[in-house]
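Take a look at the structure below.
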Number of protein chains: 2
Amino acid sequence: MAPKTDESTELKIKEAARKVFHSKGFAGAKTRDIAEEAGINLALLNYYFRSKQKLFEIIMLESMQQFMHSMSGVFNDMDSSFEEKLELIAERYLKLFSQEPDLPIFMLTELRQGQGAEVIKHINLRSILLESYFVKQYADLQAEGKIGPMPFLQFVLNLMSFCVFPFMAAPIIKHIGGLKDAEFTAMVEERKRLIPIWVQSMLRAD
Amino acid sequence: MAPKTDESTELKIKEAARKVFHSKGFAGAKTRDIAEEAGINLALLNYYFRSKQKLFEIIMLESMQQFMHSMSGVFNDMDSSFEEKLELIAERYLKLFSQEPDLPIFMLTELRQGQGAEVIKHINLRSILLESYFVKQYADLQAEGKIGPMPFLQFVLNLMSFCVFPFMAAPIIKHIGGLKDAEFTAMVEERKRLIPIWVQSMLRAD
DNA sequence: GTCTATAGGGGGATAGAC
DNA sequence: GTCTATCCCCCTATAGAC
């Protein structure tokens, strides 16, 4: 076993903070919960990250980057077609959210309340999305008349909602559908295949 | 000015609690905020509703019922066709969420954390949805081969996500799209028209 | 019913020993 | 760098006057 260095402790705390913040949100998370989850003392948390607020901002920023990193790679890949990108996006996001099921609702909740509202400004989300190669491919297809006139914003909104919503609504879905975890996973798996098909049919609809 | 009766005060408090809980969630909401919002003293809140927890459960239950009341009426209407129901659902939900933009994320967040998890069991969501006339119409259309084999659960999931997601992601959407409130409203308005079209095209896709 | 005042506890942060 | 002990504020809830 390696000796406990600064960095390993810092990582343990961040990992614990991520878990607790994601599942309980900023207001619901207690620094004592985080310390316990990390297997360290409360005082040590403040030694590494001056305050709960600072720690939160780091977690929030990294969560956001994790979210976007999955995206930007695909969005700017010059070697994949538009159709292939649809498959890649569904594949990647559903996989990410299967591993981090609390991530979507955490981010949307905190962005809407005061806590994360600042973070969004420090990130060039807009340019990543609207100046990507994906947008160009979309515009080209529209110019060629191969897809309908749906505004890109509506299109991305729909694509994202297909990926994100099942995880946000997971408790209700399991309850209504009477699904066990394995069946829920199977449903998500099926969506990986269907989302690109659905999206394409919508693009040709109006 | 009418004299302040019991009921008017109780209503004022509930109204204030709804606002504060919806925007901040259970953990983030402070009883002092609610009292101030209601224009009454903190002690009075506990006089009417023994505790924050009890008050929350009432708000949660009523929010859920509000959500489902919009739904069940349409779902069991014998006089409207399947296609008409799609239009009614989009129309009603987008209108509801335009008035109560915090409602979706509030409910999904609280259902996923401990607070609202119990409430879901006291409501026959499952029967309302899965035993509705809407389901029967869906099954009939499938039997006649007029729509594809998409499982009803996936279908409802998609329909709901179309309505709900724009409001949950509103801050990001406004930021990315550079939309002012009026433009956001216009986008939602356009979705009222487009959602039924999109859904129908998906149903014929696979 | 409605208020003021306050008890009681929980949670964030720090002092200081090791 | 890590711990124990503790401060202190804020929040929920109640006691008691009106």
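Below, chains carry the letters A, B, ... as their sequence lines are ordered, and counting in each starts from 1.
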hbond_proxy Arg32(A) side chain to dG10(C) base (donor-acceptor, 3.5 Å cutoff): no
Ring of Phe184(B), cation from Lys174(B) - is the NZ or CZ under 6.0 Å from the centre and inside 45° of the axis? yes
Rounded to whole Å, please give me the gap between NZ in Lys54(B) and P in dT14(D). 11 Å
Give me the atom names and distance for the closest heavy-atom approach of Leu153(A) to Leu179(B). CD2-CD1, 3.8 Å
Could you give the CD1-to-C1' distance, from Ile13(A) to dC3(D), as a whole number of Å? 13 Å
Would you confirm whether the ring centroid of Phe21(B) sits within less than 6.0 angstrom of the ring centroid of Phe106(B)? no
Could you tell me the separation between the NZ atom of Lys24(A) and the C1' atom of dG10(C), rounded to a whole number of Å? 14 Å
Considering heavy-atom distances to DNA chain C, does Lys30(A) or Asn46(A) have its closest nucleotide positioned more toward the 5' end? Lys30(A)
At under 4.0 Å between heavy atoms, what does Ala27(A) touch on the DNA or RNA strands: base, sugar-phosphate, or nothing? nothing
Whole angstrom value for the distance that separates P of dC11(D) from CD1 of Ile34(B): 12 Å
Closest to the Leu44(A) side chain, choosing from dT14(D), dT2(C), dC3(D): dC3(D)
Phe56(B) has an atom CZ; how far is it from atom C1' of dT12(D), in whole Å? 16 Å
Side chain of Leu42(A) - closest among dA13(C), dC3(C), dC3(D): dA13(C)
Please check the phosphate of dT2(C) (OP1 and OP2 only) for any side-chain N or O of Thr9(B) closer than 4.0 Å. yes
Among dT2(D), dG12(C), dG1(C), the one nearest Lys52(A) by side-chain distance: dG12(C)
Regarding Leu45(A), tell me which of base, sugar-phosphate or nothing describes its non-hydrogen contacts under 4.0 Å with the strands shown. nothing
Quickly work out the Gln53(B) CD to dT14(D) C1' distance and round it to whole Å. 18 Å
Using heavy-atom distances to pick each residue's nearest nucleotide on DNA chain D, tell me which of Asn41(A) and Thr31(B) is more 5'. Asn41(A)
Rounded distance in Å - CZ (Arg50(A)) to C1' (dA13(C)): 10 Å
Is it the case that the side chains of Glu62(A) and Gln66(A) hold a donor-acceptor pair, with the cut-off being a distance below 3.5 Å and no angle test? no
Tyr47(B) side-chain N/O to dC3(C) phosphate OP1/OP2 under 4.0 Å: no
Are Asp102(B) and Lys19(B) ion-paired here, with the side-chain N under 4.0 Å from a carboxylate O? no
Value in whole Å for how far the C1' atom of dG12(C) lies from CZ of Phe49(A): 16 Å
